[in-house]
Amino acid sequence: MNENVIDVVDIRRDFVVGDETVHALRGVSFTIKQGEFVTIMGASGSGKSTLLNILGCLDTPTSGEYYLDGSSVRKMSKDERAILRNRKIGFVFQNYNLLAKTTAVENVELPLMYNSKVGSAERRRRAVSALEAVGLGNRLMHKSNQMSGGQMQRVAIARAIVNDPAIILADEATGNLDTRTSFEILTLFQKLHQEEGRTIIFVTHNPNIANYCSRNIILSDGKIKEDTYTQHIMNAAETLKSLPIEDN
Amino acid sequence: MNIGNFFKISFKALANNKLRTFLTMLGIIIGVGSVITMLAIGQGSKKSIQSQISEMGSNMIMIHPGAQRRGGVRMDASSMQTLKLTDYKSILSDAQYVSYVSPVVQSNGQFIYGSNNYPSSIYGVDADYLEIRQLSVEDGDLFTDLDVQTNAKVCVIGKTIADNLFTNGENPIGEVIRFNKIPFKIIGVLKSKGYNSMGMDQDAVVLTPYTTVMKRILAVTYLESIYCSAVSEDMTEKAIDELTEILRENHKLLANDEDDFTIRSQQELSSMMSSTTDTLTILLSCVAAISLIVGGIGIMNIMYVSVTERTKEIGLRMSVGARGRDILTQFLIEAVLISIAGGLIGVLLGVLASVAIKMFAGWPTYIQPWSVIMSFGVCTLTGVFFGWYPAKKASRLDPIEAIRYE
Ligand SMILES: Nc1ncnc2c1ncn2[C@@H]1O[C@H](COP(=O)(O)OP(=O)(O)O)[C@@H](O)[C@H]1O
Ligand SMILES: [Mg+2]
């Protein structure tokens, strides 16, 4: 595996809305190494989601190069990008994006349904173990509308890790959740990072969260304003213990 | 990805949204069902009129005396006496394209049995007449050639006559009824034919040898008409030409003389009637076409809306690695399953509705196989196309565009 998992060079993304052109990204370049846990921060509208969608191969930049694991995404066909999303990327959306009226385990199985190398028995086994990893081993058959926000977000995370991806991308994965649940999720990400050495990019607007990651990129108006490495990475599990326990 | 996975995905998507699946199917069910029912009513009326015409007789040709009337000019009496027994005999011996021939003479009067009487006509005919008019004797016998030769006072009566004269349920056969004081022995009863399409009672008839009517009742030497059957429907034209030739020769008409007789055929009548039924058919075809279009548009809408509404789902599936063709395969399988299942249920309901209409409303309905195939085909294809097309459009988007789609 290439040392620089992600290498973006002068990425721009324009949106044409009516007669106006919105410059969501105005030339962004950076590299992310294997095993980094990066937060991307910035004011609302600064281009965080746009950048993350491009990194997740969900969107195409207007110009610029994006090398994922050394190969140029721009040169790939749609199908190749789909396979890339299926095998190398785990994406967690802010609003979960689970299949409606579908059980947790079926939602998590979804990426593996589109991978012919995985048979149905293995698919089920891996979905169950992903759900166990996010602490939902006892909620396998719950449908998406029968779960709380935190549970749905954990199902979404389980779906993002079930295909054993090279990078995990999370767009405000804790944005809709209360502090306690946010730290539970953060603990989960830290575990995935520290114990399994996964590369994680975590978009957030909560500056506090940056202290729990190894690197912090701040966007402003479609450009990188700051790119710093965290000196003392805090432990989310400990913070979680110190939080007052709410009754719910 | 293997095809089993596709079916699993499609079945789950359908099963997880039973209401949507049902409503989509309902569009197709109603589309197919209503078109089949509409066409069944149309075809039924057309067929019933056609069968009433063909029940009148078999390839019947009717010869009447006198030239074709034009502009209401009245004919003098002598021109109405041009058909003679010799004409009948010539047709009998010479006509090649005619399978049955019978003279017809008729008289009106009262039939009396005991204290019952009933006004009707007595028809003097040959035994062939029954073949021509598709009549048959149910009880008893028909008069014989000997009866014809001897002007026998025997008759065969229709059901209506029997019912009105023999009110106490007596067996009419062997009984004697009087017509204008002349006694007739009943030797047979005709099988009932009911009312014809013009509302005439086809069972209010009494048949007797034509010689009996000519000599004993009317005392005439001319015939009122001659009825024939062409050997087949296709031969009707030829038969008419042949009959014209025979009659012109018999009547010693010169080349420039007009015919002193008129020949009409059942075919002519049926083509006259079929212009009426054609109007009906056009009307009902329009109704069917409109139902097909309305049904098709309904299916189109519901499929289009339900697939478009799932653009987000499509985006989500693509975001976890579904390729464009994976999405298309899934939606195609769903559309085919919904459309075929809906189509089959629609066919079933359409058939049931047609049967129910026949049973409860008494309208003649007839389901033609092509109407089933056409409505099923059009509706299912519409369903499949409009299930496929929006999915195709959505699968071309970037996943994030599809997810954001409102
Ligand atoms: N699909 C889109 N169409 C038009 N403009 C968009 C679209 N997506 C994002 N933008 C614009 O791009 C800018 C950056 O958006 P986004 O990346 O969502 O910001 P953030 O996630 O940092 O809040 C905003 O000004 C937003 O209005
Ligand atoms: Mg955002």
Side-chain angles (χ1 to χ4, degrees), chain A residues 13 15 49-61 77-103 105-120 123 143-145 156 159-160 162-163 165 169 171, chain B residues 1-24 305-334 391-406:
Chain A
R13 180 68 168 98
F15 291 105
S49 296
T50 308
L51 178 60
L52 202 70
N53 291 337
I54 291 171
L55 295 181
C57 299
L58 301 174
D59 195 8
T60 325
S77 69
K78 282 198 133 173
D79 283 1
E80 285 172 318
R81 265 178 282 168
I83 292 167
L84 204 61
R85 288 194 295 272
N86 192 245
R87 312 289 153 82
K88 292 203 170 164
I89 298 169
F91 203 100
V92 183
F93 296 91
Q94 178 172 8
N95 50 357
Y96 328 127
N97 278 334
L98 300 180
L99 281 180
K101 300 177 186 173
T102 304
T103 60
V105 70
E106 277 171 6
N107 262 298
V108 176
E109 278 185 336
L110 195 62
L112 303 180
M113 291 291 272
Y114 295 103
N115 184 348
S116 54
K117 293 201 191 94
V118 182
S120 64
R123 182 166 66 222
K143 294 202 169 162
S144 30
N145 50 338
R159 185 180 64 192
V162 76
N163 56 346
L169 306 169
D171 190 357
Chain B
M1 183 169 167
N2 58 20
I3 192 75
N5 271 9
F6 281 119
F7 273 99
K8 226 175 253 174
I9 288 174
S10 304
F11 272 121
K12 271 181 193 157
L14 293 177
N16 283 344
N17 263 297
K18 292 198 182 65
L19 185 64
R20 184 183 63 207
T21 305
F22 170 72
L23 289 177
T24 317
V305 169
S306 92
V307 176
T308 306
E309 156 198 288
R310 292 170 67 189
T311 305
K312 197 179 157 82
E313 178 194 328
I314 292 175
L316 164 61
R317 289 180 181 279
M318 290 198 293
S319 79
V320 298
R323 291 165 303 173
R325 74 181 96 123
D326 298 335
I327 298 294
L328 274 186
T329 313
Q330 175 196 342
F331 278 80
L332 210 56
I333 291 174
E334 285 186 33
K392 170 94 191 157
K393 249 177 40 179
S395 70
R396 275 202 290 253
L397 297 173
D398 264 327
I400 201 71
E401 290 176 283
I403 287 177
R404 288 232 181 93
Y405 187 89
E406 293 297 331

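In what follows, chains are A, B, ... by sequence order, proteins preceding strands, each numbered from 1.
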Side chain, backbone, both or neither: which part of Asn53(A) has an atom under 4.5 Å from a heavy atom of chain B?
side chain
Under 4.5 Å from any heavy atom of chain B - which part of Leu98(A):
backbone
What residue, out of Ile83(A), Leu99(A), Leu110(A), has the most heavy-atom pairs lying under 4.5 Å from chain B?
Leu99(A)
Can you list every side-chain hydrogen bond (donor to acceptor under 3.5 Å, both in side chains) pair that touches residues 7-17 of chain B, not counting sequence neighbours?
Lys101(A)-Asn17(B), Thr102(A)-Asn16(B)
What's the verdict on side-chain contact (heavy atoms from CB on, under 4.5 Å) for Arg123(A) and Asn5(B), showing C-alpha distance, side-chain angles and the deciding distance?
CA-CA 11 Å; Arg123(A) 182 166 66 222; Asn5(B) 271 9; 3.4 Å; yes
To the nearest 0.5 Å, how far apart are SG in Cys57(A) and CG in Asp398(B)?
10.0 Å
Quick one: what part of Leu397(B) sits under 4.5 Å from any heavy atom of chain A, side chain, backbone, both or neither?
backbone
Please indicate whether Phe15(A) has more than 12 foreign heavy atoms, meaning atoms of other residues, nucleotides or ligands, lying under 6.0 Å from its CZ.
yes
Can you tell me how far apart CG (Asp171(A)) and CD1 (Ile400(B)) are? Round to the nearest 0.5 Å.
8.0 Å
Is it true that a side-chain atom of Lys78(A) and a backbone atom of Arg396(B) form a donor plus acceptor pair closer than 3.5 Å?
yes
Non-hydrogen atoms of chain B under 4.5 Å away: do they reach the side chain of Asn107(A), the backbone, both or neither?
neither
For Ala322(B) versus Tyr114(A), what's the shortest heavy-atom pair and its separation?
CB-CE2, 3.4 Å
How about residues 310-318 of chain B versus chain A: which residues have heavy atoms under 4.5 Å apart?
Lys312(B), Glu313(B), Leu316(B), Arg317(B), Met318(B)
From Asp79(A) atom CG to Arg325(B) atom CZ, the distance as rounded to the nearest 0.5 Å:
4.5 Å
List the atom of Arg85(A), the atom of Ser319(B), and the distance in Å for their closest heavy-atom pair.
CD-O, 3.6 Å
Restricting to non-hydrogen atoms, name the atom on Gly321(B) and the atom on Asn86(A) that form the minimum distance, rounded to 0.1 Å.
CA-CB, 3.6 Å
